[in-house]
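Inspection log for the structure reproduced underneath, given as structure tokens.
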Amino acid sequence: MQAFRIDERDACSQLSIGNALIRANFGTDPATLTPVEWAQQMQEALWYERYKLRSQAELLAALFGNKKH
């Protein structure tokens, strides 16, 4: 059995990634969205993912970044 790989450069894969982000962040079925709504939710999902990662990085830096061994 071959593992499923997503090539981020492939348009079909980008659609799959976008759909997954919309489902995960908003609990919305992307198939029910108009193209404009899909694009808006995708933009919001990307912003939120960046925000979460930045917050996690700041937390980890605060917890472990300033300690000397």
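Just so you know, these numbers use all the heavy atoms, side chains as well, and skip hydrogens, waters and symmetry mates.
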Q | Enclosure of Glu37 CD (heavy-atom neighbours >12, cutoff 6.0 Å) | A | yes
Q: Count the heavy atoms of every other residue, nucleotide or ligand shown that sit under 6.0 Å from CZ of Phe26, and state whether that count exceeds 12.
A: yes
Q.
Quick check: closest heavy atoms across Gly18 and Trp38, and the distance to 0.1 Å?
A. CA-CZ2, 3.7 Å
Q. If every non-hydrogen atom of Gln41 is compared with every non-hydrogen atom of Ile22, which pair is closest and at what distance?
A. OE1-CG2, 3.3 Å
Q | Hydrophobic cluster membership, Tyr48 vs Ile17, 4.5 Å side-chain cutoff | A | no
Q: State yes or no: do Leu60 and Leu53 share one hydrophobic cluster built from I, L, V, M, F, W and Y residues joined by side-chain heavy-atom distances below 4.5 Å, directly or via other members?
A: no
Q: Can you measure from CZ (Arg23) to CG (Asp29) and round to the nearest 0.5 angstrom?
A: 6.0 Å
Q) With a 4.5 Å limit on heavy-atom distance, are the side chains of Met42 and Leu33 in contact? A) no
